[in-house]
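For reference, the structure is listed below as structure tokens.
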Amino acid sequence: MNNDNFAYIHDIWTREQSFFGKTSPRSLAEKYGTPLYVYSERILRERCRELMGLIGYTNFGVNYSAKANTNPSILKIIREEGLSVDAMSPGEIYLEMKAGFRPEDILFICNNVSDEEIRYAVEAGVLVSVDSISQLERHGRLNPGGRVAVRINPGIGAGHHEKVVTAGTNTKFGVDPAFAGDLRAALREHGLRLAGLNQHIGSLFMSGDEYLEAASFLLSFAEEFPEIEFVDFGGGFGIPYHKEGGEKRLDLPLFGRRLQETIERWVNKTGRRILMKIEPGRYTVAECGVLLGRVHALKVNAGRTYAGTDIGFNVLIRRAMYDAHHDIEVYAGEPRAEEPKVPVTVVGNICETGDILAKDRLLPPLMEGDILGVLDAGAYGMVMASNYNCRLRPAEVLITTDGDDVLIRSRDTLEDLAGHFPG
Ligand SMILES: *Cc1c(COP(=O)(O)O)cnc(C)c1O
């Protein structure tokens, strides 16, 4: 229980979830410093189980899209829950294998990679999904007679921001189905075996209509390729970032029924009970993560109140990059009376005007020393952290199912900053 002697003055979600186990935001901030990514093992396992149970179709698999969070301790938990994993780079393959994934559990979904990177995957025994005929040819030259998967662009895209729409007519991703003839020719020329077809139409859907439409498309395309072993419909499963505003969750049971119907129809028609996969990143890890930071300064500029924190966009870039919203909890430094909320612009310590975490957000009046908790920070948080302004990337802590806190990544040090330079 969060029972030490400070008052929660603005608490949207974590208390109801017993998120912090036996510890509390303030004690974590004291013990490990801020900014600090904190993950709940219990919530992570719950999300994994929801996904694994999505449909009753027996030849079903969940590929965790690891670019959302590649901390090896997180990867290990996900592996224990029976998910497989995708990789976007040799670096991800490397960390995934260190976390215990076997090569056959990994799908390397690459785009625009070099010979060296393809060779790395092939030599490790990892299946590669190519993203263009040009890359299929390259794969064929390096690995004649091998297995390969191909990413298709179904012509339908979706996403919460134009930067995360990854199919349709306005993106670099996938092979246009109009080139199916070239695809076949390249496979034949290099004696390649097509193991599977995959797609990913974009990130963060809350109903799934486009996803299901694209799934139907991919299945009908797959009818022309009787040799394939699997179809992978991609990720994009959304989470409610506006918890404070009462945003509803994605109705996963309903979505699962609809996906199951789509699949059953195809299986009945073709008689092919092949492996069907989904590839969620965000849904798996976003909600198990809360980012803690501290208020260091308060000021008013041209009538707007600013709270200056240690959560710069080098720590969490999602608002600067996608205009993303994250709910913010406040854990007061000292017990104090509840006061009406006021608009405050929460900023970081990076020398950039765009270093804003939340603009004109209604929060209780903040004081120096208050701890802030940024919700839903488990996906695309730490993995996008940088050393910009020579700031140190944060530490990460796991709250185990027993409620204990364990350090799973240490904070950068000043020596890390100097480590790559000669002399
Ligand atoms: C990023 C990505 C995903 C995961 O997207 P989410 O929105 O996090 O579920 C899945 N597949 C591919 C190919 C991706 O690039």
Side-chain angles (χ1 to χ4, degrees), residues 44 47-48 50-52 54 61-71 74-75 78 83-89 91-93 96 105-113 121 126-132 135 148-154 156-168 171-175 196-208 210-212 214-215 218 230-241 249-250 252 255 259 276-289 317-318 321-322 324 326 376-384:
L44 174 58
R47 293 297 174 265
C48 289
E50 287 169 19
L51 290 164
M52 290 296 285
L54 180 67
V62 182
N63 240 5
Y64 164 57
S65 188
K67 74 178 194 279
N69 189 321
T70 35
N71 184 296
I74 299 285
L75 290 175
I78 291 171
L83 284 78
S84 56
V85 76
D86 73 18
M88 305 289 154
S89 67
E92 287 191 358
I93 294 174
E96 289 164 4
D105 299 328
I106 304 174
L107 178 63
F108 182 27
I109 305 181
C110 55
N111 66 97
N112 314 327
V113 295
V126 168
L127 183 64
V128 179
S129 165
V130 297
D131 178 66
S132 59
Q135 294 257 287
V148 69
V150 175
R151 177 169 178 173
I152 299 297
N153 179 341
I156 303 159
H160 67 90
H161 186 284
E162 66 178 57
K163 285 183 188 163
V164 300
V165 175
T166 53
T171 161
K172 68 172 179 172
F173 292 111
V175 173
L197 296 170
N198 60 295
Q199 70 184 16
H200 172 61
I201 66 166
S203 197
L204 212 169
F205 65 78
M206 295 307 282
S207 85
E210 289 100 343
Y211 189 97
L212 291 162
L218 191 63
F230 73 86
V231 164
D232 179 342
F233 301 117
F237 298 67
I239 62 113
Y241 280 103
R249 303 190 66 73
L250 166 65
L252 213 53
F255 176 81
L259 183 61
M276 305 276 180
K277 299 204 287 188
I278 58 169
E279 214 168 71
R282 181 190 318 277
Y283 191 91
T284 323
V285 290
E287 292 176 288
C288 76
I317 204 172
R318 295 196 66 255
M321 188 141 156
Y322 311 114
H326 284 268
D376 306 316
Y380 307 111
M382 184 62 196
V383 285
M384 290 190 179

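We use all heavy atoms of the structure for the numbers below, so side chains are in, but hydrogens, waters and symmetry mates are not. One-based numbering, in listed order, for ligands and for the atoms of each.
For ligand 1, the atoms sitting less than 4.0 Å from at least one non-hydrogen atom of P280 are 9 (O), numbered in the order shown with element in parentheses. Each of the atoms 12 (C), 13 (C), 14 (C), 15 (O) of ligand 1 lies under 4.0 Å from some heavy atom of M88. Taking a cut-off of under 4.0 Å to the non-hydrogen atoms of G235, the atoms of ligand 1 that pass are 9 (O), 10 (C). Near G281, the atoms of ligand 1 lying under 4.0 angstrom from a non-hydrogen atom of the residue are 4 (C), 6 (P), 8 (O), 9 (O).
Residues I156 and E210 come closest through the heavy atom pair CG2-CB, 3.9 Å. The two atoms that bring L44 and I74 nearest to each other are CD2-CG2, 3.9 Å, heavy atoms only.
With E279, H160, R282, Q199 as candidates, the residue nearest to atom 11 (N) of ligand 1 on a non-hydrogen basis is E279.
Using a non-hydrogen distance threshold of 4.0 Å, G236 registers as a contact of ligand 1. Look at A68 and you'll find every heavy atom at least 4.0 Å from all atoms of ligand 1. At least one heavy atom of Y380 sits closer than 4.0 Å to an atom of ligand 1.
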**Message:** Evaluate F255 against Y211 for ring pair (Phe, Tyr, Trp, His ring centres under 6.0 Å), listing each step before the verdict.
**Reply:** CA-CA 10 Å; F255 176 81; Y211 189 97; 5.4 Å; yes

**Request:** Any chance you could lay out the ring pair (Phe, Tyr, Trp, His ring centres under 6.0 Å) test for H200 and F173, step after step, and finish with the verdict?
**Result:** CA-CA 9 Å; H200 172 61; F173 292 111; 7.9 Å; no

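The closest protein non-hydrogen atom to atom 3 (C) of ligand 1 is S65 OG, 3.1 Å. Scanning the protein for heavy atoms near atom 5 (O) of ligand 1, the closest one is H200 CE1, 3.3 Å. With hydrogens left out, the protein atom closest to atom 14 (C) of ligand 1 is K67 NZ, 2.9 Å, a heavy atom. Here the heavy atom of the protein found nearest to atom 7 (O) of ligand 1 is S203 OG, 2.3 Å.
Both the sub-6.0 Å distance and the 45° axial angle are not jointly satisfied by R47 relative to the ring of F237.
Without hydrogens or angle criteria, N63 side chain to V85 main chain gives a donor-acceptor distance under 3.5 Å. The backbone N or O of D131 sits nowhere less than 3.5 Å from a side-chain atom of Q135 that would complete a donor-acceptor pair. When atom types are taken as modelled, the side chain of S129 and the backbone of C110 share no donor-acceptor pair closer than 3.5 angstrom.
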